Structures are given as C-alpha cells and as structure tokens.
Amino acid sequence: MNSLGSVFAFISKDAVNKIQILENFLTGENGTHYLTVQSMVKYELDNELVDLTKRGSHPESGCRTLLRLHRALRWLQLFLESLRTSTEDSKTSVMCSDAYNASLAQHHPWLIRKATGMAFCALPGRDTFFEVLNAGSHQEVVTLLGEALPLISEVYQITEDLYAKNNLLELP
Ligand SMILES: CCCCCCCCCCCCC/C=C/[C@@H](O)[C@H](COP(=O)(O)O)NC(=O)CCCCCCCCCCCCCCC
C-alpha cells in the first residue's frame, strides 16, 4: 500500500500499529493466551480486560484491536472480489468506495469518511493494482484471487461468529 502514495501509507500505518499491538500481546508475559483468537477472547473477557461499552482503562485491548482489523478485512474481501470480477473499464475508485461504504464506513466518523472518499479519488487504475499484487499476469492474479477469497471469507466468518456469540461486535 505504501507504493500507492502518502495517504495510503497513512492508512496502512494504522493497520500496522494495530497488528503491532496484537504482536506485543503475543510476545508479552501473557502471550500463551494470545495464541488463538478464541483463547484471547476468553482470557480478556474472563479477566475484565476489555472496555465493553465505553473506552476506559483498556483502550487497546486485543479484542477491540482485532475488531478494527476484522472490519478492514471485510473491506479487503469486498474490494478484492470486485477487482477479481472487474472489466477493463471498471474504476478502482468506485470499487474501493463501494466496498468501503458496505463495510468500514459504518464504523467511521464523518471526517474520516470524507478524507477516505477523497483518497479513493487519487487511486491509480486497475492495471496498477494487478501489478501491486505482484502475482504475474492479469489472468494469474484473477486465479490467485479466486483461490484466496474463500479463505479470506472463512477467516472473516470465524471471527464474526465468535464476536457475535460474545457480544463484541460494537466494542468502543
Ligand atoms: C489500496 C487502497 C487502500 C484503501 C484502504 C481502504 C480502507 C480505508 C480505511 C480508512 C482508515 C482511515 C484511518 C483511520 C483509522 C482509524 O480511525 C480506524 C479506527 O481505529 P480506532 O478505533 O483505533 O481509532 N481504524 C480502522 O478502522 C482500521 C483501518 C485499517 C485499514 C487497513 C486497510 C488495509 C487493507 C489492506 C490493503 C491491501 C491492499 C491490496 C491492494 C491490492
């Protein structure tokens, strides 16, 4: 994403920060509880390490941090699916913003939604995305996406079901 310019570097920085928070838990003294998403959820809930209704003493719990990445994964799933099925005249800005509006946008305040909308207008064309994915010819990328998307979808669904079962889908 960094090769797409500074705005996208900013977006990827937020994702990297969040991944780092989770990695710190994993390498920290309670790391064994962070080996799976299931054990993390159980450990943090059992030990009251999650702010459930408003941000308080645990603003960066594993559960709320993963939830942000989980929502971003939904965006990625929708975007890559439309990239996979796109044609030569499809616009990446439209694909990106449609995926965004159907996922992350519902969780972002107005200002971020506006800034994101403007950033999408600056996106390079479809060919650049196929190149950025660095997986060979267009056809090879389409094939690869066809294999990867069911796996992305499976990962998404496992987290979604676990979070729904534990009422964690709206963590502050
Ligand atoms: C390649 C085009 C990239 C378009 C990315 C679309 C996602 C737009 C996300 C806009 C996020 C703006 C930054 C703000 C983030 C935070 O406010 C917000 C809330 O966090 P907080 O509760 O801790 O405050 N953070 C989030 O919602 C997490 C956003 C993480 C976005 C990561 C997106 C990474 C997707 C990976 C892209 C891979 C590109 C592949 C291209 C072929």
Side-chain angles (χ1 to χ4, degrees), residues 1-25 37 40 44 49-87 90-149 151-153 155-156 159-160 163 168-172:
M1 274 179 76
N2 296 342
S3 65
L4 296 176
S6 57
V7 183
F8 298 99
F10 170 77
I11 295 175
S12 83
K13 191 155 176 261
D14 188 65
V16 169
N17 285 344
K18 286 175 168 53
I19 291 166
Q20 189 63 53
I21 292 172
L22 295 175
E23 281 183 353
N24 290 346
F25 280 125
V37 175
M40 172 186 81
E44 290 198 343
L49 296 170
V50 186
D51 292 336
L52 294 173
T53 49
K54 60 176 177 18
R55 294 185 85 168
S57 44
H58 304 290
E60 293 194 333
S61 65
C63 286
R64 67 88 64 192
T65 302
L66 182 70
L67 178 61
R68 271 55 185 178
L69 293 172
H70 170 68
R71 291 169 178 166
L73 186 64
R74 176 74 181 149
W75 168 80
L76 187 66
Q77 180 194 355
L78 296 173
F79 173 66
L80 291 179
E81 178 57 23
S82 72
L83 190 65
R84 186 182 75 86
T85 53
S86 63
T87 57
S90 305
K91 290 220 174 320
T92 50
S93 54
V94 175
M95 294 191 265
C96 253
S97 64
D98 284 354
Y100 179 72
N101 291 335
S103 60
L104 280 168
Q106 298 155 31
H107 307 283
H108 285 165
W110 182 85
L111 195 65
I112 300 260
R113 289 203 305 271
K114 280 282 160 225
T116 305
M118 279 157 68
F120 286 155
C121 298
L123 276 175
R126 183 173 164 268
D127 287 348
T128 307
F129 274 91
F130 276 100
E131 278 158 35
V132 164
L133 285 166
N134 197 17
S137 68
H138 273 210
Q139 191 46 50
E140 283 168 326
V141 172
V142 168
T143 306
L144 179 83
L145 289 177
E147 290 164 7
L149 277 158
L151 303 176
I152 292 180
S153 164
V155 169
Y156 179 84
T159 312
E160 181 75 9
Y163 270 54
L168 299 175
L169 285 169
E170 299 299 329
L171 290 180

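For ligands, and for the atoms within them, numbers begin at 1 and follow the listed sequence. Please read these numbers as outputs of a predicted model, since none were measured by experiment.
The shortest N or O to N or O distance between R68 and ligand 1 is below 3.5 Å.
Using a 4.0 angstrom heavy-atom cutoff, H107 does not count as in contact with ligand 1. Taking 4.0 Å as the cut-off, R71 does not count as a neighbour of ligand 1 on heavy-atom distance. Judged by the shortest distance from any of its heavy atoms, E60 lies outside the 4.0 Å radius around the atoms of ligand 1.
Summary of contacts: the protein heavy atom closest to atom 30 (C) of ligand 1 is A72 CB, 3.9 Å. Among all protein heavy atoms, the one lying closest to atom 22 (O) of ligand 1 is R64 NH2, 2.8 Å.
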With side chain to side chain contact (heavy atoms under 4.5 Å, CB included) as the test, would you mind laying out the steps for L52 and L168 before giving the verdict? CA-CA 8 Å; L52 294 173; L168 299 175; 4.1 Å; yes
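Applying the side chain to side chain donor-acceptor pair (under 3.5 Å) test to N101 and every residue at least two apart in sequence or in another chain returns nothing. By the side-chain contact (heavy atoms from CB on, under 4.5 Å) test, T85 is found to be paired with E81, residues two or more places apart in sequence or in another chain being considered.
A distance-only check finds a donor-acceptor pair linking the side chain of T116 to the backbone of I112 [under 3.5 Å]. Remark: the backbone N or O of G62 is paired with a side-chain donor or acceptor of E44 at under 3.5 angstrom.
Atoms of ligand 1 found under 4.0 Å from any heavy atom of F120 (numbered from 1 in listed order, with element): 4 (C), 6 (C). Atoms of ligand 1 lying under 4.0 Å from at least one heavy atom of K18, given by number and element, are 20 (O), 21 (P), 23 (O).
Selection from W75, F130, Y100 by nearest heavy atom to atom 4 (C) of ligand 1 gives W75.
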